[in-house]
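Contents: one structure, followed by commentary.
Since this is a predicted model, take the numbers as computed values, not measurements. Residue numbers start from 1 in every chain, and the chains themselves are labelled A, B, ... in the order their sequence lines are given, proteins ahead of strands.
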There are 2 protein chains.
Amino acid sequence: MNGIPEVVIQRLPLYLRTLEALDEDGLVVVSSQELGDSLQVTPAQIRKDLSYFGRFGKQGRGYRVRDLVRELRRILGLGQEWEMVLVGMGRLGWAVASYGGFAQHGFQVVACFDNDPALVGKAVGPLLIQDDSTLAATVRERGVGIGIVAVPVDAAQQVVDQLVACGVRGILSYAPIVPRVPPHVWVQNIDPVVALQAMTYHLSQRKAPRAAGRRAV
Amino acid sequence: MNGIPEVVIQRLPLYLRTLEALDEDGLVVVSSQELGDSLQVTPAQIRKDLSYFGRFGKQGRGYRVRDLVRELRRILGLGQEWEMVLVGMGRLGWAVASYGGFAQHGFQVVACFDNDPALVGKAVGPLLIQDDSTLAATVRERGVGIGIVAVPVDAAQQVVDQLVACGVRGILSYAPIVPRVPPHVWVQNIDPVVALQAMTYHLSQRKAPRAAGRRAV
DNA sequence: TACTGTGAACTATTTCACAGCC
DNA sequence: GGCTGTGAAATAGTTCACAGTA
């Protein structure tokens, strides 16, 4: 055994999401079996995943939902508000900026940027679109940790480089490339077309076996 | 060996995406090494992945880019136009409907639905928002294969059930649940918050190792 | 010579199965 | 009795390394 497997990390937010829903429903204690039923994951997998981080359950009973929520939030680093900058204010960037789901989960877009003079100065909710040239200063000043890339593919690597140069350590990219980043920077890509294309493989087969995972993201 | 591993299927669209870009750049032949450099995947992995489907390369030379694009498109079932219905026309659904990237890749939203009378009848590009009650008829009539779910979490499972009942075989879900579907239906989930939460785990650690995959999607 | 295609070796991940505890 | 936590076993996935060929 070495570190904690990346697949495990990617599953924790799913556990958290479900546990939060169960908590809202008023459930106090949950077994790995029940949680697994909701998530379509084996109970053994849930227990093994959690065991990488500690012992959170009570034998013979299960896990206290609220306690496990708290532990997972701590493990995932969700105790703080995370500030993000958004680059690219075309249709996609606009939609991302207007998406309420981030704030709800402690992720805040604190500034947004575009290099199109026609867009700079426009208001997006409480923010004004800034020119790309002000990106570095804003990121450095506020110590923003995460950048969202919503620019066209041809500009994507350049924007990623800029963000990395300003000290951003996480990048959520909607651009259809695998960006090149130094090893201390973490990237998550989101591309619905890629998801659809993997799906059509299965839809084209005579018979389809099991359901696919989220690849989340 | 049994079937083709799911991870392999999920990587093929990434290969395709990169090969299409290389083709546009005028590259005629590519080696697994070069392709791997673009994608940050080992050459051995690319060769192995492709070998599940046939022999597409020439020893000593590499792969003809255009031929490999054609093969991958065939394997992924991209020879046809795929019709999709979109359910949920809130902000997110609206953004999805307006997204140009689908049409560009042979995925067409042919109808969109909401259960809010205030939205029904409004135009979204060339489409009119229809009432949910007309979903089944539309899907059955046109034999639509893919449904996109962009409704709030509380309605998501119900909408998924409806889509499945009408004969949809693939679901792209933006809702924060793992929907329950019969085994012949394929699901891909997209949730940027889940992606961010996995990322903050790494950002919270003292040192961060390698870059994460896309889990795409 | 420069590459692919591929068994075999290796590594990672999942599942099993059961001791231990509530 | 029912459930967790966890080594050990089983599976799945990746990488190596080299024979074969254009």
Side-chain angles (χ1 to χ4, degrees), chain A residues 1-12 14-15 19 22 27-65 67-68 71-72 75 178 198 209-216, chain B residues 1-12 14-15 19 22 27-65 67-68 71-72 75 178 198 209-216:
Chain A
M1 180 224 145
N2 210 357
I4 291 156
E6 181 58 27
V7 269
V8 173
I9 306 300
Q10 300 283 330
R11 274 193 297 264
L12 296 186
L14 299 178
Y15 298 168
L19 287 162
L22 294 175
L27 191 70
V28 176
V29 172
V30 71
S31 67
S32 58
Q33 175 75 60
E34 293 166 316
L35 185 54
D37 288 346
S38 295
L39 283 159
Q40 294 159 255
V41 162
T42 65
Q45 176 143 85
I46 291 173
R47 296 200 302 276
K48 176 65 102 175
D49 285 356
L50 294 176
S51 78
Y52 284 107
F53 302 94
R55 303 170 178 209
F56 307 120
K58 295 272 183 246
Q59 282 142 327
R61 302 201 148 269
Y63 303 85
R64 292 189 64 86
V65 175
D67 291 351
L68 193 46
E71 292 290 351
L72 284 172
I75 293 164
V178 180
R210 305 167 303 141
R214 31 159 255 103
R215 271 292 81 209
Chain B
M1 181 226 148
N2 211 355
I4 291 157
E6 182 58 27
V7 269
V8 173
I9 306 299
Q10 301 281 332
R11 275 193 297 265
L12 297 186
L14 300 177
Y15 298 169
L19 287 162
L22 295 175
L27 192 70
V28 176
V29 172
V30 70
S31 66
S32 58
Q33 175 75 60
E34 292 167 317
L35 186 54
D37 289 346
S38 296
L39 283 158
Q40 294 159 256
V41 162
T42 65
Q45 177 140 84
I46 291 174
R47 294 201 303 274
K48 176 65 102 175
D49 284 355
L50 294 176
S51 78
Y52 284 106
F53 302 95
R55 303 170 178 207
F56 306 122
K58 295 273 182 243
Q59 282 143 327
R61 302 203 148 267
Y63 302 85
R64 292 190 62 86
V65 175
D67 292 352
L68 193 47
E71 293 291 350
L72 284 172
I75 293 164
V178 179
R210 304 167 304 139
R214 29 160 256 106
R215 268 304 80 197

Give me the residues of residues 30-39 of chain B where at least one heavy atom lies under 4.0 Å from an atom of DNA chain D, by number, or none.
none

Nucleotide D/dT4, atom P - distance to CZ of A/Arg64 in whole Å
14 Å

If the condition is salt bridge (charged side-chain N to carboxylate O under 4.0 Å, His left out), which residues does A/Glu34 pass it with, not counting sequence neighbours?
none

Please compare A/Pro5 and A/Ala44 by the position of their nearest nucleotide in DNA chain C and report the one closer to 5'.
A/Pro5

note: B/Lys48, atom NZ; C/dG7, atom P; distance rounded to Å ~ 7 Å

Roughly, in whole Å, what's the span from CG in B/Asp49 to P in D/dT15?
10 Å

Quiz: residues 56-64 of chain B side-chain donor-acceptor pairs under 3.5 angstrom, not counting sequence neighbours:
none

Residue list, salt bridge (charged side-chain N to carboxylate O under 4.0 Å, His left out) with B/Arg47, at least two apart or on another chain:
none

What's the closest nucleotide to the side chain of B/Val7 if the choices are D/dT14, C/dT13, D/dT6?
D/dT14

Nearest listed nucleotide, side chain of A/Gln45, among C/dG5, D/dT15, C/dT14
C/dT14

Find the distance between CG (A/Leu14) and CG (A/Leu19) and round it off to the nearest 0.5 Å.
10.5 Å

Gap between atoms CD and C1', on B/Gln10 and D/dA12 respectively (whole Å)
15 Å

Can you tell me if B/Arg11 touches the phosphate of D/dT14, counting only side-chain N or O atoms and a distance under 4.0 Å to OP1 or OP2?
yes

So which nucleotide from D/dT14, C/dG5, D/dT6 ends up closest to the side chain of A/Arg47?
D/dT6

Any B/Leu72 side-chain heavy atom under 4.5 Å of B/Leu50 side chain
yes

Could you tell me the separation between the CD1 atom of A/Ile46 and the P atom of C/dT15, rounded to a whole number of Å?
11 Å

In whole angstrom, give the distance that lies between atom CD of A/Glu6 and atom P of D/dT14.
14 Å

Could you tell me which residues satisfy side-chain contact (heavy atoms from CB on, under 4.5 Å) with B/Asp37, sequence neighbours excluded, listed by chain and number?
B/Gln33

B/Ile75 side chain near B/Tyr52 side chain, heavy-atom distance below 4.5 Å:
no

In numerical order, the residues of residues 53-63 of chain B whose heavy atoms come under 4.0 Å of DNA chain C are B/Arg55, B/Phe56, B/Gly57, B/Lys58, B/Gln59, B/Gly60, B/Arg61, B/Gly62, B/Tyr63

Contacts of B/Val41 that satisfy side-chain contact (heavy atoms from CB on, under 4.5 Å) - sequence neighbours left out:
B/Tyr15, B/Leu39, B/Gln45, B/Ile46

Please name all residues satisfying side-chain hydrogen bond (donor to acceptor under 3.5 Å, both in side chains) with A/Ser38, sequence neighbours left out, ordered by chain then number.
none

Rounded to the nearest Å, what distance is computed from the CG atom of residue A/Leu50 to the P atom of nucleotide D/dC3?
16 Å

Rounded interatomic separation in angstrom, taking CG from B/Leu12 and P from D/dG13:
14 Å

